[in-house]
Amino acid sequence: MSEERSLNFIEEIVEEDIRNGKNDGRVLTRFPPEPNGYLHIGHAKSICLNFGLAQKYNGKTNLRFDDTNPSTEETEYVDSIKTDVKWLGFNWDKELYSSDYFDQLFDFAVALISKGLAYVDDSTAEEIAASKGTPTEPGKPTPNRDRSIEENLQLFNEMKDGVYPDGAKVLRAKIDLANSNMHLRDPLMYRIKWAHHHRTGDKWCIYPMYDFAHGQSDSIEEITHSICTLEFIPHRPLYEWFIDQLNIFPSKQYEFARLNMTYTVMSKRKLLQLVNEKHVTGWDDPRMPTISGLRRRGYTPLSIRNFCEKIGVAKRENIIDVSLLEFCIREDLNKSAWRRMAVLDPIKLVITNYPEGQTEILIGENNPEAEDGEGNRDIPFTNEMWIEREDFMEIPPKKFFRLGVGLSVRLKHAYIVKCDSFVKDESGNVTEIHCTYFPESKSGSDTSGISVKGTIHWVSAQNAKTAEIRLYDRLFKVEDLSIEEGDFKNYINQDSLQVIKNAFVEPDLLNALNQKSINEHIRYQFIRKGYFALDDDSTPENLVFNRIVTLKDAWTKK
RNA sequence: UGCCCGAUAGUAUAAAGGUAGUACGACUGUUUUUGGUGCAGUUUGUCCAGGUUCGAAUCCUGGUCGGGCAACCA
């Protein structure tokens, strides 16, 4: 057997279960989102874990919507969740809903009442909260705790039949009001909610609580490993209590630490707030940590799966540096993205010894990382160019490998040019750079003998196409939002979006829209500027590119 | 002053009583027609105090620190 990557603690549990022949070696996991928001990168961790486990151990994974609270859930979210899971590259075995089990769950509740293990309580929410005591003081029974089984049965049926208004009664498990675990102090099983459900419509006016739905749903599906996040640890005894009392399939719950990431938030509540209060343009704003946001930004499914692999799975609270996510997308795109040239902050460069009106077609390979370069594209070369303003300096510092009077650089895929002079306007801004080129220095057939330190990108001014380019920075100004005081919105980075309306791109990029229609090569590396993805806002008249991430830059750091 | 979970380089994650390793970050060199990539290297760590043991990141005891738990949310 060859050297294997070490297992995370859940894989160890699964392997041990398989060794022991538990569940006949069967592995069935589930990904159980509540359809009340869009999925984010933290969900991706859970998705990769659940589906990954199944793939690794010959099992299956169900997609189950935990839809027990009709007032927050919508079909829109169901659809987006399915889209995102598929996009990440996973296929579920069954698409299921907790609401599929409402009848069964009702019968389970009746069974518990019949065993004297559940009762209908007429107390208000406040009264119940008060009667539960505190972590250090035991709770006290409410007046209804000792109702007869018959009465409970009748009342519960009346709850279901719509006899009572919202909040009038609840069904509670009869466990232990003094338990040190607050979740065991007679937890609520059902509440009355006259709300329209996105799937069951108006059939029900009572809905099960999470604790009386999740474990039972796992059990009904015969889930072997029910994986959730750390905050559910105190629920586990309750999860097991219901399964024991009902004597149904013993699914087991395991908990891991959720993902946190620097410079962003990861709670649906906060993300919803950013959307509702228009701090971002929507759930799929490219600055959002949502799957749809990352997708629109240009992240690939592979890069996200690799990221989830690298961050590992453990029980320790963590905050992952967003630079690891950035590493993952660079790693993927460096190998696959086609190279193009784009000038974001243009300044004119004039080649004084190149014939005006002449156009030469140069060849550039699409992908230098591929053996065959994945083909070439034509790049027109003329006497006037757009180059990046930052690639010229009036007074260049030492080790500045770009342009300044007397300095030479190679124009990528083209010739070496030497800067002779520059032109300024009245206010002192440089408006033009004048160079001479060396005809023998043509890329690929250079016989000039000249060697230069720098190579810069450019676009022929006569042939350039304009494009809109959107540059994104971190959404928040601080690394770890969880340790900051006050409203998280105080830390929003107001400069997280920069729109460049008139960038110049090489003409071949007009093909980007066609490429997109065949779903290929919609992501590019703009040489020296980063990785970019064509945005859905693009039209043939106005191409829009999102910067996914910059290239690593060892120069500007200095 | 309850119960539960956790603690290994800056950030994560391994080492199941026997050499503290890996990735990202940072830094250095090298290659390069992208100051990218690649390649080579450097850097930084077991929360504390006791105990068990030939030997402890690992087991035990006590402490410290961080997190969670008292929604008719999930």
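Any value given below was found using the heavy atoms of this structure, including those in side chains, with hydrogens, waters and symmetry copies removed. Chain letters run A, B, ... following the sequence lines, proteins first and then strands; every chain starts at 1. A quick note: this is a predicted structure, and the numbers were derived from the prediction, not measured.
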Would the base of B/U33 count as contacting A/R410 through its side chain, where contact means a donor and an acceptor less than 3.5 Å apart? yes
Could you check whether A/H457 gets within reach of a base, just the sugar-phosphate, or nothing at all, counting any heavy atom under 4.0 Å? nothing
Presence of donor-acceptor pair under 3.5 Å, side chain of A/H235 and base of B/A74: yes
A/E34-A/T72 side chain donor-acceptor pair, cut-off 3.5 Å: yes
Under 3.5 Å, is there a donor-acceptor pair between the A/T142 and A/N144 side chains? no
Is A/E255 paired with A/R236 through a side-chain N to carboxylate O contact shorter than 4.0 Å? yes
Hey, does the side-chain of A/R330 have a donor or acceptor N/O within less than 3.5 Å of a partner on the base of B/G36? no
Using atom P in both nucleotides, what's the gap between B/U11 and B/G67 to the nearest angstrom? 15 Å
Sugar-phosphate, base or nothing in reach of A/H214, heavy atoms under 4.0 Å: nothing
Confirm from the modelled atom types if A/E369 and B/G36 form a donor-acceptor pair under 3.5 Å, side chain to base only. yes
Nearest-angstrom distance, P atom, B/C39 to B/U22: 15 Å
Answer with yes or no whether A/T136 presents, from its side chain, a donor or acceptor under 3.5 Å of a partner atom in the base of B/U1. no
Applying the 5.5 Å / 30° rule, does A/W555 stack onto the base of B/G35? yes
To the nearest 0.5 Å, atom CG of A/L325 lies from atom CE of A/M261 at 5.0 Å
Counting the atoms with a prime plus P, OP1 and OP2 as sugar-phosphate, which does A/F400 contact under 4.0 Å by heavy atoms, base, sugar-phosphate, or nothing? base
